[in-house]
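Proteins come first, then strands; the chains are lettered A, B, ... in the order of their sequence lines, and each starts at number 1.
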Protein chains: 2
Amino acid sequence: MAVTLADVAARARVSAATVSRVLSGNYPVAEATRTRVLAAVDELDYVINGPASALAAATSDLVGVLVNDVADPFFGIMASAVQSELGSEKLAVVCNTGGSPERELTYLTLLLRQRAAAVVITGSAVETPEYAAASAAKVGRLAANGTQVVLLGRPASAAPEGSVLAVEFGNREGGRRLTEHLISLGHRRIGYVAGPADRTTTRHRLEGHRAALAAHGLGGDAGELGRLTVHGPYTRKSGYDGALELLDREPGLTAVVGSNDAVALGICAALREKGLDIPGDVSVAGFDDLPFSADATPALTTVRLPLQEAAARAARLALGREESPAGGRDMVPAELVARASTAAPRA
Amino acid sequence: MAVTLADVAARARVSAATVSRVLSGNYPVAEATRTRVLAAVDELDYVINGPASALAAATSDLVGVLVNDVADPFFGIMASAVQSELGSEKLAVVCNTGGSPERELTYLTLLLRQRAAAVVITGSAVETPEYAAASAAKVGRLAANGTQVVLLGRPASAAPEGSVLAVEFGNREGGRRLTEHLISLGHRRIGYVAGPADRTTTRHRLEGHRAALAAHGLGGDAGELGRLTVHGPYTRKSGYDGALELLDREPGLTAVVGSNDAVALGICAALREKGLDIPGDVSVAGFDDLPFSADATPALTTVRLPLQEAAARAARLALGREESPAGGRDMVPAELVARASTAAPRA
DNA sequence: TCTCCCATAGTAAGCGCTTTCTGCCCCGGG
DNA sequence: CCCGGGGCAGAAAGCGCTTACTATGGGAGA
């Protein structure tokens, strides 16, 4: 039925081993033989059997990419960059975890089952001990299997020492810069619509925000900070609801920061609905600088993360095409992008 | 080293065959035996070897998803929906073709090599005979291999009869509705920034547009139509450049239609830069109704395609979980979404 | 001219699973 | 009491490839 290695071998009048060697190219084969084999491959329209090859070689050419949801451009951009970096040697298996630790574990098991060559895990980690342990175990198992695990936008700390590489995001730094920008414009009462409470990204961004406040003596006590902060998913709706809630708690707000751009857009929508001008009455800022942020009105002030470059780097690390950073972890910088949604508060 | 079926079998004091049967569940196994096996699996932390299983069973649990670029939300949404629909039985291999026929063929070959269970090919097809033939051949090969091929947003016509299922988009219909909307508002000189010239989606949307014009006696001759149409990629920049070009050719335009939302946003940017008000001076419309379109200012009039539902359907068809539509093809409707970027032209 | 060795090619033993074919045992019917 | 058959489990033959290990031939060095 299907053409196999043996068929090609027969046609080229060599052994199967030789054909295999020509195709994988990791063993010397005389030029004449090689051309003969290649011709046979061509004539028979031979396509190698991936599973058979993976079984024999004990590794596949699949690379897992775990994301919250590829439909979200934040993850879509990273997934795309990883995939593109793989070229046509490796295939990217993308898995939507929806941010659920269980599903993350499930997919890691499936990738283990596939004997994936590498796995890139993007986005926040959930910060609970049980999950951390389960995750570490699974990652250890993967590593033991020869699968290179690379964390992208997630702290390496949660993983077993040495088994993992990480490209981390300057979330804390970015959060700090953003709030400093607001403070330097003259804002004193700044609301914050944060992400889900138990995630690393949420925590880091929020810590940066609070560090900036504290540095300017604006923090207030914990109660005060809590009053100006609401948590919710990284969605537009969360920004919308959060802004309404914050306005309710503290009508004197002059600025609201969103945990990401989608949240910021939701904040804008809520403010507009309340008849407030942006940035005249209230300034708004986001995080990530996704493509649509520049086209929003007003154009969103935000923090740019070089997602594409970082993801490409993660992919290269995953494939062992690039030297690992010192300590196995690497930090990509966050850059403030000041646009029209922030301005000095009204006097 | 690694735990294998045989290890589990030994521990459960059954044969490997029995373990395999318990795990795949397609053969009667006595309840007592089953529990014993499951216990052994658990105790040994056994993870089945995917490649070995795929080799023996001659099919893998991979499903290919071909997209132009997952970073583009249009494709990201579809890829996400397909992936989610697969559940945790099958894995989605997503491939960025960048719209290139060669890369599309390359990835189809890679998926053939993996013995993929199914392949979902999204987006436009390039309309050249050589490509059509090559593509048909590859698809035929896949089908012969037992891989179900489903076209999503691409006409089934290009594929070999019967070997393929298709979920098509109402591009022509949507294009027609959109332009009819503009005409009914009073527009007579309507520019069109189309997609790349040789793609099915581009052609269908443009045909719909022109059908609407013709139905109202507005088409003019071919030269006239050509003068009001520019082609370019489906990008924001293309919209920006295209709008400038159109304005140059025909300063009296009162409306410009973009081939998709990103293009429309580019058109908006160009118009704004020219000091034109939207929709006061010029109306703008897009296509696809991606999430960001509602947040643009003014909110974009566009055509909604139920991408998520369509993609989920495609995935179900791919897995054989849903009855195929009559004739193997199915058409999802396009719906006009009139928002603030279109209005009656100035008198 | 004779060895020795390197460059190639072949042999064959798996990789870990699925599945067909058998076989066993126990039940019900004759 | 015997026979037939159904329900389960096992044996074993691959699935198509990779990769030690082995074999061979001819050129280089002595």
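- One finds no salt bridge joining A/Glu89 and A/Arg321 here, because no Lys/Arg side-chain nitrogen approaches an Asp/Glu carboxylate oxygen to under 4.0 Å.
- Note on B/Ser24: nothing from the nucleic acid sits closer than 4.0 angstrom, heavy atoms only.
- Dashed line: the shortest gap from a side-chain N or O of B/Thr33 to OP1 or OP2 of D/dA9 is under 4.0 Å.
- In the set C/dT19, D/dT18, C/dA9, D/dT18 carries the atom at the smallest distance from any side-chain atom of A/Leu5.
- Considering only side-chain N and O atoms, A/Thr18 lies under 4.0 angstrom from the phosphate OP1 or OP2 of C/dG10.
- When rounded to the nearest whole Å, the span between CG of A/Asn145 and C1' of C/dG16 equals 13 Å.
- Atom CD1 in B/Ile48 sits roughly 6 Å away from atom P in C/dC17 (whole-Å rounding).
- For DNA chain C, the residues of residues 50-59 of chain A within the heavy-atom distance limit of 4.0 Å (strictly under) are A/Leu55, A/Ala56, sorted by number.
- The residue from B/Asn145, B/Leu66, B/Val63, B/Thr147 that alone fulfils the side-chain contact (heavy atoms from CB on, under 4.5 Å) condition with B/Leu111 is B/Leu66.
- For B/Arg36 and D/dA9, the CZ to P distance is 8 Å, given to the nearest whole Å.
- Contact annotation: side chain of B/Arg115 to base of D/dG16, donor-acceptor pair absent below 3.5 Å.
- A/Arg13 places its CZ atom 19 Å from the P atom of C/dT8, with the value rounded to the nearest Å.
- Between A/Asp7 atom CG and D/dC15 atom P the separation is 11 Å, expressed in whole Å.
- Summarising the geometry, atom CZ belonging to B/Arg113 is positioned 8.5 Å from atom CG belonging to A/Leu91; distances are rounded to the nearest 0.5 Å.
- Counting atom types as modelled, B/Tyr27 pairs a side-chain N or O with a base atom of D/dA9 as donor and acceptor under 3.5 Å.
- Here D/dG16 presents its P atom at 16 Å from CZ of B/Arg113, a figure rounded to the nearest Å.
- A close approach under 4.0 Å does occur between a side-chain nitrogen or oxygen of A/Ser20 and OP1 or OP2 of D/dT18.
- Of all heavy-atom pairs spanning A/Ala312 and A/Glu85, the tightest one is CB-OE1, 3.5 Å.
- Here CZ of A/Phe74 is found 7.5 Å from OG1 of A/Thr122. Values are rounded to the nearest 0.5 Å.
- Contact annotation: A/Ser15 reaches the phosphate of C/dG10 (side-chain N/O to OP1 or OP2, under 4.0 Å).
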Open item on the list: What verdict does the side-chain hydrogen bond (donor to acceptor under 3.5 Å, both in side chains) test give for B/Asp69 and A/Gln83, after you've listed the backbone C-alpha separation in whole Å, the side-chain angles of each residue and the deciding distance to 0.1 Å?
Closed with: CA-CA 9 Å; B/Asp69 185 355; A/Gln83 200 284 321; over 6 Å; no
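- Rounded to an integer number of Å, the gap from CG of A/Leu23 to C1' of D/dC17 is 11 Å.
- Nearest heavy atoms, A/Val139 versus A/Ser163: CG1-OG, 4.2 Å.
- Atoms CZ (A/Arg21) and C1' (D/dT19) sit 8 Å apart, rounded to a whole Å.
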